[in-house]
Amino acid sequence: MTDSLITVLLVDDNAANLEILQDNLADSGYALVSACDGVEALEKLTCEPHRYHAVLLDLMMPRMTGMEVLQHMKAHPVLMHVPVIIQTAAASPTDVTEGLAAGAHYYLTKPFEKADLLAILTTAIRDRTAYLSVQEELESTAGTLQRSEEHTSELQSLRHLVCRLLLE
């Protein structure tokens with residue numbers, strides 16, 4: 001992760017809804033990026049897949065639905081691990097089940113309370129941050145293991161050379 005600022009992508013085709021999200025999150029300390037539909041959201045996500053810590057995603061949008069965005073994200077090797085919080089007026093039990101089954105981190109129905117939004121987003125970001133921390137540790141450990149293997153190979157070559165010299 002090159003950007004240490006926690007960034008959240010807000011996706012909604014309704015400008016008033018985007019404004020509500022921005023107002024609710026204004027004091028959160030998160031960097032907020034907006035997209036007015038699924039196509040714009042997917043472009044932003046794929047151009048900078050490591051930038052985002054969470055996505056607040058509306059479902060019912062023109063050009064590309066939120067469910068289509070979620071499907072694309074789940075097929076992407078980096079974006080598949082970014083938590084998606086569906087925020088939508090589609091609140092039937094079937095809608096909720098479908099959203100969660102498709103890989104959403106949480107399903108938040110409109111209208112929602114600011115406290116609920118903040119609690120859910122904080123949990124999603126904590127999960128993302130923990131994932132990134134584990135990933136960094138794994139990469140560091142893999143690097144250390146690679147260097148260890150290289151040194152072992154060099155030592156074996158030296159030992160072989162010393163043995164040849166001693167036998168001569």
Side-chain angles (χ1 to χ4, degrees), residues 1-90 95-96 98-110 112-146:
M1 175 69 60
T2 59
D3 189 0
S4 63
L5 187 61
I6 294 175
T7 304
V8 179
L9 181 62
L10 312 174
V11 187
D12 202 306
D13 63 314
N14 184 309
N17 289 342
L18 277 176
E19 190 174 323
I20 289 168
L21 287 171
Q22 290 167 340
D23 288 346
N24 282 327
L25 299 172
D27 297 329
S28 66
Y30 305 137
L32 305 175
V33 176
S34 298
C36 64
D37 63 33
V39 171
E40 183 183 357
L42 196 57
E43 287 171 358
K44 289 182 178 196
L45 288 163
T46 54
C47 283
E48 297 181 276
H50 294 282
R51 179 178 184 190
Y52 300 97
H53 288 74
V55 176
L56 285 165
L57 182 64
D58 186 26
L59 286 183
M60 299 177 285
M61 296 182 292
R63 299 202 308 156
M64 182 181 288
T65 68
M67 196 62 78
E68 291 170 319
V69 172
L70 181 59
Q71 290 168 348
H72 283 285
M73 289 179 68
K74 292 304 173 185
H76 189 280
V78 174
L79 297 174
M80 69 188 306
H81 300 292
V82 176
V84 174
I85 300 163
I86 292 174
Q87 47 93 29
T88 184
D95 292 329
V96 174
E98 287 176 3
L100 295 173
H105 189 80
Y106 198 87
Y107 199 101
L108 185 62
T109 57
K110 299 174 188 174
F112 48 79
E113 296 294 322
K114 178 181 179 177
D116 294 338
L117 172 64
L118 288 171
I120 292 164
L121 186 56
T122 299
T123 300
I125 289 171
R126 185 175 46 234
D127 290 350
R128 175 72 173 152
T129 303
Y131 169 81
L132 291 173
S133 177
V134 168
Q135 187 179 32
E136 285 177 14
E137 286 181 39
L138 286 172
E139 289 171 3
S140 175
T141 300
T144 301
L145 181 58
Q146 176 67 30

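Put simply, the side chain of Val33 reaches to within 4.5 Å of the side chain of Arg51, judged on heavy atoms. Annotation: side chain of Asp95 is not in contact with side chain of Ile86 (no heavy-atom distance under 4.5 Å). For the pair Leu21 and Val8, the minimum side-chain heavy-atom distance is 4.5 Å or more. Side-chain contact check for Thr123 versus Tyr106: every heavy-atom pair is 4.5 Å or farther apart. With a 4.5 Å cut-off on side-chain heavy atoms, Val69 and Met64 count as touching.
Closest non-hydrogen pair, Ile125 versus Ala54, comes out as CG1-CB, 4.1 Å. Closest approach of Thr109 to Ala90, counting heavy atoms only: CG2-O, 4.4 Å. The two residues Leu18 and Leu10 come nearest to each other via the heavy atoms CD2-O, 3.7 Å. Between Gly38 and Met61, the shortest heavy-atom contact is N-CE, 3.6 Å. Here the closest non-hydrogen pair linking Gly99 and Leu70 is O-CD2, 4.0 Å. Considering all non-hydrogen atoms of both residues, Pro49 and Val82 come closest at O-CG2, 4.5 Å.
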Task: Test log, rule side chain to side chain contact (heavy atoms under 4.5 Å, CB included), inputs Asn24 and Phe112 - done: CA-CA 10 Å; Asn24 282 327; Phe112 48 79; 3.9 Å; yes
Task: Intermediate values then yes/no, side chain to side chain contact (heavy atoms under 4.5 Å, CB included), Ile120 and Tyr107 - done: CA-CA 9 Å; Ile120 292 164; Tyr107 199 101; over 6 Å; no
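Between Glu40 and Lys44 there is a salt bridge, since at least one side-chain N of the basic residue sits less than 4.0 Å from a carboxylate O of the acidic one. With respect to Asp58 and Lys110, a salt bridge is recorded, a charged nitrogen being found less than 4.0 Å from a carboxylate O.
The distance from atom CG of Asp12 to atom CG of Leu59, rounded to the nearest 0.5 Å, is 10.0 Å. The structure places CD of Gln135 at 7.5 Å from CZ of Arg128, a figure rounded to the nearest 0.5 Å. Remark: Met73 CE to His81 NE2 distance equals 11.0 Å, nearest 0.5 Å. Taking CG of Leu56 as the start and CD of Gln22 as the end, the distance is 11.0 Å to the nearest 0.5 Å. Here the straight-line distance linking atom NE2 of His53 with atom CG of Leu132 works out to 5.5 Å at 0.5 Å rounding. Separating the CZ atom in Arg126 from the CD1 atom in Ile6 is a distance of 11.5 Å, to the nearest 0.5 Å.
In terms of modelled atom types and a separation under 3.5 Å, the side chain of Thr122 and the main chain of Leu118 share a donor-acceptor contact. The backbone N or O of Val11 lies less than 3.5 Å from a partner atom in the side chain of Gln87, making a donor-acceptor pair.
Within 6.0 Å of CG on Asp27 lie no more than 12 heavy atoms contributed by other residues, nucleotides or ligands.
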